[in-house]
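Structure, as structure tokens:
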Amino acid sequence: MADPRAVEALKAALRRLPGVGPKSAQRMAFHLLERDRDGARQIGEAIVAALCKVNHCRRCNNFSEAETCAICASAKRDAARLCIVETPADLEAIEQAGVYQGMYFVLMGHLSPLDDIGPAQLGIDRLLALAKADPIGEIILATNLTTEGQATADFIIDLVQPSGILVTRLARGMPMGGELEYMDPGTLNQAFSERREVESHSAAARADN
Amino acid sequence: MKVQQQPAYLLQARPYLETSLLIDLFTQEHGRLMLIAKGARRGKARTRGLLSPFKFLLTSWAGKGQLATLTSVEQDGHRADLNGKSLASGYYMNELLLRLLHRHDAHENLFTQYRRAVDHLSAGQSPRWILRVFEKQLLHHIGFGAVLVRDAESGEAIAPARQYRYIVEKGPVAAAADTAAAPAPTNPPSDEYALTLRGSTLCALHAERLPAAGGAPENELALRQAKRLMRMLLNRQLQDRRLRSRRVAMEMHAYRTHHADYFSTATAHEGSPARGQPPP
Ligand SMILES: [Zn+2]
């Protein structure tokens with residue numbers, strides 16, 4: 001017996017989610033229709049509402065319901081620092097770490113030649129306009145340490161360096177809990193080339209106060 | 001099937017299910033193949049950093065059927081990563097391999113050539129000639145090698161000083177005698193199926209060495225003509241489907257050029273370079 005057309009349409013829609021194949025889509029569709037119709041209604045309404053309300057912040061490009069997002073609108077943030085990340089999830093991770101009080105720009109991806117994604121799709125024009133218009137003292141590149149993430153950072157550095165703004169990159173090297181024996185050569189290599197002088201204990205103690 | 005410690009380069013990786021990657025490898029003895037790297041996207045997975053392009057890897061896998069599972073990966077030695085322009089060249093080579101190699105066709109010699117090209121690029125050598133030699137080798141290994149040694153009509157050896165008309169389905173044919181002595185035109189006429197070039201360019205490609213004796217202008221001519229010849233022959237194999245890596249590289253170039261004096265002018269530039277606009 002063939003499934004009714006609406007069920008087929010639901011399965012096809014679910015398959016658009018990353019990592020969902022025909023089998024999982026069928027499982028999800030049957031679950032929603034048979035066991036959790038309230039949940040299904042909730043999902044449907046949430047998607048429609050998000051589509052209507054959520055857009056990109058006109059300043060940092062992150063998802064936002066308002067024209068300008070909460071971070072960009074906040075007077076408490078340090079407007080002289082601009083941190084560039086690939087995704088909203090990356091921004092969230094930095095916020096969770098709680099070390100950074102500056103502003104962000106979210107690229108919503110990275111340069112990916114094999115996927116046909118170039119600078120135009122990453123909002124590089126808006127990023128440059130921001131760097132030109134705002135009184136920014138430091139641009140912090142926090143793209144991923146993948147080949148594409150680094151290519152994206154290199155490209156942005158080329159474009160913003162003439163501005164005279166200080167450009168920094170997150171440090172690379174050994175992760176917390178990392179054991180030398182199991183480190184890949186690339187990581188170890190970077191940890192060595194970016195090693196730094198040890199602060200004396202008294203200096204570190206003073207800095208803490 | 002179980003394969004241990006197979007030399008390989010990663011050509012492309014895509015997310016697969018929640019935590020895995022689907023990886024396209026170019027291996028030494030098994031050619032191009034696709035594997036699942038289970039759990040490779042989990043936060044602390046050691047393999048995550050290794051599964052990136054242009055690293056010389058030793059890979060092991062197991063499984064039957066079309067899609068086997070990666071069981072281990074190590075990096076063999078460490079070289080400088082590709083960056084900037086060399087990275088664009090690397091992606092270009094990877095896209096050519098992805099588009100033109102069939103899965104599971106072994107190409108040991110081509111693997112060696114690819115490895116050499118990556119090594120030279122990471123050592124900071126100019127990509128211009130490295131890419132031409134790689135393209136020549138690739139065409140040869142997929143059975144559509146360029147004819148570089150003999151005139152396709154007369155069968156005579158290619159004379160470095162002569163002008164040839166290279167015809168796609170045929171090969172080089174000596175141009176009329178009166179043009180032979182004339183200096184090479186800087187921009188000889190060409191179309192999709194034929195172009196004019198000097199015998200010395202064909203000889204350089206055959207020997208995989210630039211005609212150093214001729215000095216810089218001679219090398220420049222060989223570089224430019226070889227690029228056009230290889231592009232004509234490759235376009236034939238790609239069936240005119242455009243290369244993404246080439247388009248993105250051109251877009252990046254357009255941005256660099258367009259925004260070169262962005263911060264020194266008083267007002268922001270109007271508009272931005274169009275998508276895919278070729279570099280000037
Ligand atoms: Zn914002």
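Since the model is a prediction, treat every value here as computed from it, not as a measurement. Throughout, a chain's letter reflects where its sequence line sits, starting with A, and its residues are numbered from 1. These numbers come from the heavy atoms of this one structure, side chains and all, not from hydrogens, waters or symmetry mates.
- For A/Arg172, the side-chain hydrogen bond (donor to acceptor under 3.5 Å, both in side chains) partners at least two apart in sequence or on another chain are A/Gln150, A/Glu194.
- Using a 4.5 Å heavy-atom cutoff, the side chains of B/Met252 and A/Ile124 are not in contact.
- Annotation for B/Phe54: atom CZ counts as buried by contact number, over 12 foreign heavy atoms lying within 6.0 Å.
- Residue contact with chain B, scored on non-hydrogen atoms closer than 4.5 Å, is absent for A/Leu188.
- Atom CD of B/Glu29 has more than 12 neighbouring heavy atoms from other residues, nucleotides or ligands inside a 6.0 Å radius.
- Within the 4.5 angstrom heavy-atom criterion, atoms from both the backbone and the side chain of A/Pro119 approach chain B.
- The interface of residues 115-123 of chain B with chain A, defined by heavy-atom distances below 4.5 Å, is empty.
- Listed here is the closest heavy atom pair of A/Thr147 and B/Ser52: OG1-CB, 3.4 Å.
- The nearest pair of heavy atoms linking A/Ala120 to B/Glu251 is N-OE2, 2.8 Å.
- With a 4.5 angstrom heavy-atom cutoff, A/Ala133 does not touch chain B via any of its atoms.
- Only the side chain of B/Leu87 comes within contact range of chain A, judged by heavy atoms closer than 4.5 Å.
- Most heavy-atom pairs under 4.5 Å with chain A: of the set B/Pro15, B/Ala249, B/Ser245, this distinction falls to B/Ser245.
- Counting heavy-atom pairs closer than 4.5 Å to chain B, the top residue among A/Asp115, A/Asp154, A/Ile165 is A/Asp115.
- Annotation: the span from A/Ser112 atom OG to B/Gln12 atom CD amounts to 7.5 Å, rounded to 0.5 Å.
- Residues B/Phe263 and A/Gln161 form no side-chain contact, since every pair of their non-hydrogen atoms from C-beta on lies 4.5 Å or further apart.
- Side-chain contact check for A/Asp125 and B/Tyr255: at least one donor-acceptor pair (N or O, by modelled atom type) lies under 3.5 Å.
- A donor-acceptor pair under 3.5 Å is absent between the side-chain atoms of B/Arg244 and the main chain of A/Pro113, judged by distance alone.
- Contact of the B/Leu98 side chain with the A/Leu114 side chain is registered, since non-hydrogen atoms from C-beta on lie closer than 4.5 Å.
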Test side chain to side chain contact (heavy atoms under 4.5 Å, CB included) on A/Leu159 and B/Tyr262; report intermediate values, then the result.
CA-CA 9 Å; A/Leu159 293 182; B/Tyr262 184 79; over 6 Å; no

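- Looking only at heavy-atom pairs under 4.5 Å with chain A, the residue among B/Arg256, B/Lys55, B/Arg246, B/Arg14 that has the most is B/Arg256.
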